[in-house]
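Beneath this line is the structure, given in structure tokens, with notes to follow.
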Amino acid sequence: EGEVLRGFALLMTQNREELQQRRFLASAIEVSSQAMVIANNLQKIVYVNPAFTRITGYDASEVRGRDLCEVFALETDGQAIAVLRQGIALGRLVQTELLGRTKDGIPYWVDLSVVPVKDEHGAIGHFIATAHDITQRKQVEEEMCRQAREDHLTGLSNRRASEGLL
């Protein structure tokens, strides 16, 4: 009887530790500055964290059931979307930069990583996507390119830009 009680106590301790770990993980996802999205094996969204809403303007109820690729890549060229879809279809980690639009129509850039999560049989059960807002970095890059092509005093094309036209 003592052995049964010790086994029960050990099981209760393990369950409590697992529950605490799940709470920690859930809290980490909720407070993350990166958008986190969970999609089912059909690539339909089942969960988004608050950072997703902050970046895109869409809340969970507006994107639940929508296609994972389409939510982030509304303005991205077809080739980038094809690469994203192909990687997902093959069950591979995919990382790419995508241009989207917020609910209010404002463009934003994200560095998106999509990872397949396999079940105990090796089949893909879900996809986890993390998206880091890189809009500010892209704006700086664009400004640097513009400055490299223009005369800073006149705003006219410089020699480098003119050579590119020839």
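Keep in mind the model is a prediction, meaning the values are calculated, not measured.
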Taking all atoms of both residues into account, what is the closest heavy-atom pair of K103 and G57, and its distance? CD-O, 3.4 Å
Is the cationic atom of R64 (NZ for Lys, CZ for Arg) positioned less than 6.0 Å from the six-membered ring centroid of Y58 and within 45 degrees of its normal? no
Tell me if a side-chain donor or acceptor on D133 pairs with a main-chain N or O of T135 at a distance below 3.5 Å. yes
What are the two closest heavy atoms between F52 and A35, and how far apart are they? CA-CB, 3.6 Å
Is any side-chain heavy atom of L84 closer than 4.5 Å to one of V114? yes
At what distance, to the nearest 0.5 angstrom, does CD1 of I124 lie from CD1 of I88? 9.5 Å
Going from CG on N41 to NE2 on H126, what distance comes out if it is rounded to the nearest 0.5 angstrom? 7.5 Å
Path from Y47 to V117 over hydrophobic side-chain contacts below 4.5 Å: yes
A51 to S32 - nearest heavy-atom pair and separation: CB-O, 3.3 Å
Would a hydrophobic clustering, with Ile, Leu, Val, Met, Phe, Trp and Tyr connected at side-chain separations under 4.5 Å, put V37 with I29? no
Which atom pair, heavy atoms only, marks the closest approach of L99 to W109? CD1-NE1, 3.6 Å
Distance in Å, L93 CG paired with Q95 CD, rounded so as to fall on 0.5 Å steps: 6.5 Å
Please report the shortest heavy-atom distance between L112 and A131, naming the atom on each side. CD1-CB, 3.9 Å
Go through it in stages, so that I can follow the logic: the residues are K138 and D111, the test is salt bridge (Lys or Arg N to Asp or Glu O under 4.0 Å), and I'd like the CA-CA distance, side-chain angles, deciding distance and then a yes or no. CA-CA 11 Å; K138 287 291 201 175; D111 182 5; over 6 Å; no
Identify the two heavy atoms, one from R101 and one from P107, that lie closest to each other, and give their separation to 0.1 Å. NH1-CD, 3.2 Å
About how many Å separate CD1 of I45 and CD1 of I38, when rounded to the nearest 0.5 Å? 11.0 Å
How far apart are the C-alpha atoms of V48 and M36, what are their side-chain angles, what is the distance that settles it, and do they pass the side chain to side chain contact (heavy atoms under 4.5 Å, CB included) test? CA-CA 6 Å; V48 298; M36 301 185 99; over 6 Å; no
Would you say Q136 has more than 12 foreign heavy atoms packed within less than 6.0 Å of its CD? no
Heavy-atom count around Q79 CD within 6.0 Å, excluding the residue itself: above 12? no
If you measure from OG1 on T102 to OH on Y108, what distance do you get to the nearest 0.5 Å? 8.0 Å
Is it the case that over 12 heavy atoms from other parts of the model lie below 6.0 angstrom from the NZ atom of K44? yes
For the CG atom of L42 and the CG atom of L68, what is their distance to the nearest 0.5 Å? 12.0 Å
Residue pair R23, E30: steps toward the salt bridge (Lys or Arg N to Asp or Glu O under 4.0 Å) verdict: CA-CA 10 Å; R23 285 183 184 143; E30 288 292 310; over 6 Å; no
Steps toward salt bridge (Lys or Arg N to Asp or Glu O under 4.0 Å) verdict (R137, E141): CA-CA 6 Å; R137 187 194 86 200; E141 288 174 0; 3.0 Å; yes
Stepwise side chain to side chain contact (heavy atoms under 4.5 Å, CB included) test for D67 and R85: CA-CA 11 Å; D67 185 86; R85 288 196 184 281; 3.1 Å; yes
